[in-house]
*Asks:* 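Handing you this structure, nothing more for now.
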Protein chains: 2
Amino acid sequence: MATGRTHRPATRSRGIPEATVARLPLYLRALTALSERSVPTVSSEELAAAAGVNSAKLRKDFSYLGSYGTRGVGYDVEYLVYQISRELGLTQDWPVVIVGIGNLGAALANYGGFASRGFRVAALIDADPALTGKPVAGIPVQHADELEKIIRDNGVSIGVISTPAGAAQQVCDRLVAAGVTSILNFAPTVLTVPDGVDVRKVDLSIELQILAFHEQRKAGEEAVGKGPLPQTAAGRDESADQGPDGDVPAVMPA
Amino acid sequence: MATGRTHRPATRSRGIPEATVARLPLYLRALTALSERSVPTVSSEELAAAAGVNSAKLRKDFSYLGSYGTRGVGYDVEYLVYQISRELGLTQDWPVVIVGIGNLGAALANYGGFASRGFRVAALIDADPALTGKPVAGIPVQHADELEKIIRDNGVSIGVISTPAGAAQQVCDRLVAAGVTSILNFAPTVLTVPDGVDVRKVDLSIELQILAFHEQRKAGEEAVGKGPLPQTAAGRDESADQGPDGDVPAVMPA
DNA sequence: GGTTGTGAAACGATTCACAGCT
DNA sequence: AGCTGTGAATCGTTTCACAACC
């Protein structure tokens with residue numbers, strides 16, 4: 001292979017590691033809380049504790065964004081909030097559609113965190129005619145037939161799929177064909193999408209299974225005889241196995 | 001992770017990498033689908049495609065479990081389903097409680113995938129007296145005052161928190177004090193737990209923010225045309241940027 | 001022939017540790 | 001004196017590529 005994987009711009013660092021990107025929302029949340037308490041500056045140590053990571057990692061993460069701190073002092077809270085928001089693209093408005101208004105879809109529509117941070121629920125879509133026109137979270141559900149029109153009229157580029165697994169790929173295809181390029185998938189299915197479309201998935205039962213694995217191991221260790229508990233000093237440890245990413249279920253629309 | 005130093009039994013490799021553990025549920029789901037279609041064997045290539053990962057990774061993952069395949073043939077579907085289930089601890093029954101029966105909690109209670117795979121919703125708990133006794137998904141909601149008793153009476157070791165952020169840490173503390181050692185947290189808050197307790201978190205708005213980051217970047221590249229690669233037709237490589245991990249096929253309970 | 005299982009190489013992320021600035 | 005920013009070391013994960021085996 002002469003060409004190889006062309007991906008490094010080589011010039012300047014627009015290359016923020018994926019692991020860092022995934023933590024930026026965490027920092028943003030901690031910073032927003034500080035901002036609301038009118039805290040003016042914060043050290044990497046304090047902010048890291050609030051976000052549940054360690055301080056070296058946080059400083060490294062921020063170093064990819066630029067030099068936004070002051071040595072000997074810390075970071076300006078407001079300024080950092082702005083910089084991270086901008087980096088994440090949250091200074092603009094993102095209209096999203098939710099397809100599949102069952103239990104989960106309704107829960108998502110009602111979820112405050114959605115609206116709070118640059119995201120706006122532009123439409124709720126379901127295939128069940130009985131739901132059409134019914135307001136959920138104050139937004140009337142529209143019929144799936146309108147999907148393409150809704151996407152285009154609202155300039156939607158992010159779609160949330162909370163349909164049953166069986167419908168997910170089909171819905172996904174239609175979203176993509178209509179112009180959606182980012183999908184958050186709650187249906188327990190592998191979605192196949194064209195190049196250039198991002199999919200993130202959230203699956204409740206996978207998270208539970210991962211927990212069960214560790215739980216089982218704990219039980220095993222305990223039984224096999226080393227101390228009932230590995231004997232730990234600290235009551236609170238920073239790295240208490242926060243999960244990487246999330247998960248949630250899919251629910252029947254009926 | 002959470003557990004203390006004690007981790008290498010020194011004997012044999014009970015050290016399955018965390019990344020592998022996180023993928024086992026994906027394989028399991030793909031295998032279950034194959035099993036339902038009565039497919040007897042499957043190659044790493046086919047199974048990897050169904051699970052949305054690449055085959056080398058899948059083989060490496062399986063190699064940590066042991067040698068369960070047959071060279072030149074592939075893997076026996078039923079046998080693998082059993083082995084992975086066992087490894088994940090799904091051959092036993094895991095009673096779970098859901099605390100916080102709002103929109104999301106109700107959606108979780110109704111989620112079929114919960115019951116389908118070794119997990120049993122032992123109780124629904126909420127602090128609102130108006131909900132007490134009201135059935136959700138056929139299970140009557142119990143009042144938060146009963147939490148400790150419920151945990152102990154049912155031998156619950158896994159708890160799901162779907163309360164508002166403000167209540168999450170307090171609920172978490174009570175769950176842990178009552179004996180819960182694995183927590184799935186849907187509240188947008190960092191939970192602090194003692195050593196030996198696993199927490200996995202699921203945060204819908206974080207997922208959206210990560211999508212927004214990539215979305216913004218796409219828009220930027222498109223508009224500015226700051227082409228790091230003036231040529232090169234395709235934008236992305238092989239993987240269409242799935243989420244934290246691959247994706248999965250459907251099991252769909254009843 | 002086909003496919004697994006696995007060392008070794010490549011890659012990416014985390015942690016260390018300290019120079020450099022306030 | 002205190003804290004950031006970052007090279008360098010370390011650790012974990014993915015990918016390669018092929019020997020072992022059916």
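Convention: sequence-line order gives letters A, B, ...; per-chain numbering from 1.
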*Asks:* Phosphate oxygens OP1/OP2 of C:dT14: is one of them under 4.0 Å from a side-chain N or O of A:R23?
*Replies:*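 So the side-chain polar atoms of A:R23 do come within 4.0 Å of the phosphate oxygens OP1 or OP2 of C:dT14, strictly under.
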*Asks:* Within this structure, what is the CZ-CG distance for the pair A:F213 and B:D198, rounded to the nearest 0.5 Å?
*Replies:*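 Here the rounded value is 10.5 Å.
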*Asks:* In whole angstrom, give the distance that lies between atom NZ of A:K57 and atom C1' of C:dG12.
*Replies:*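 To the nearest whole Å, that distance equals 13 Å.
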*Asks:* Would one find a side-chain N or O of A:R71 under 4.0 angstrom from OP1 or OP2 of C:dC18?
*Replies:*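 So the side chain of A:R71 is outside the cut-off, no N or O lying under 4.0 Å from OP1 or OP2 of C:dC18.
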*Asks:* Between atom OH in A:Y68 and atom C1' in D:dC3, what is the gap in whole Å?
*Replies:*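 Rounded to whole Å, this separation is 19 Å.
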*Asks:* Check the phosphate of D:dT14 against B:N54, side-chain N and O only, distance under 4.0 Å to OP1 or OP2. Yes or no?
*Replies:*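 Checking B:N54 against D:dT14: no side-chain N or O falls below 4.0 Å of OP1 or OP2.
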*Asks:* I'd like to know if the side chain of A:W94 and the backbone of A:G89 have a donor-acceptor N/O pair within less than 3.5 Å.
*Replies:*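 Confirmed, A:W94 side chain pairs with A:G89 backbone.
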*Asks:* Could you tell me the separation between the NZ atom of A:K60 and the P atom of D:dC11, rounded to a whole number of Å?
*Replies:*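 The answer, rounded to whole Å, is 16 Å.
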*Asks:* May I ask you to evaluate whether B:S44 reaches the phosphate of C:dT4, defined as a side-chain N or O under 4.0 Å from OP1 or OP2?
*Replies:*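 Yes, because at least one side-chain N or O of B:S44 sits under 4.0 Å from OP1 or OP2 of C:dT4.
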*Asks:* Out of C:dA17, D:dT14, C:dT4, which nucleotide sits closest to the side chain of A:R59?
*Replies:*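 So the nucleotide nearest the side chain must be C:dA17.
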*Asks:* Measuring centre to centre across the rings, with the benzene-like ring taken for any Trp, is B:Y79 within less than 6.0 Å of B:Y68?
*Replies:*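 That pair passes the under 6.0 Å test.
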*Asks:* Looking only at side-chain N and O atoms, does B:Y75 come under 4.0 Å of OP1 or OP2 in D:dC22?
*Replies:*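 Answer no for this pair, as no side-chain N or O of B:Y75 is under 4.0 Å from OP1 or OP2.
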*Asks:* If you check every side-chain atom of A:A56, which of C:dT14, C:dA13, C:dC16 has the closest atom?
*Replies:*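 Nearest to the side chain of A:A56 among the choices is C:dC16.
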*Asks:* Between A:T70 (side chain) and A:V73 (backbone), is there a donor-acceptor pair under 3.5 Å?
*Replies:*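 Looks like no, no N/O pair under 3.5 Å.
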*Asks:* With the side chain of A:S43 defined as its heavy atoms from C-beta on, choose the nearest nucleotide among D:dT4, C:dA13, D:dT13.
*Replies:*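 Of D:dT4, C:dA13, D:dT13, D:dT4 is nearest to the side chain of A:S43.
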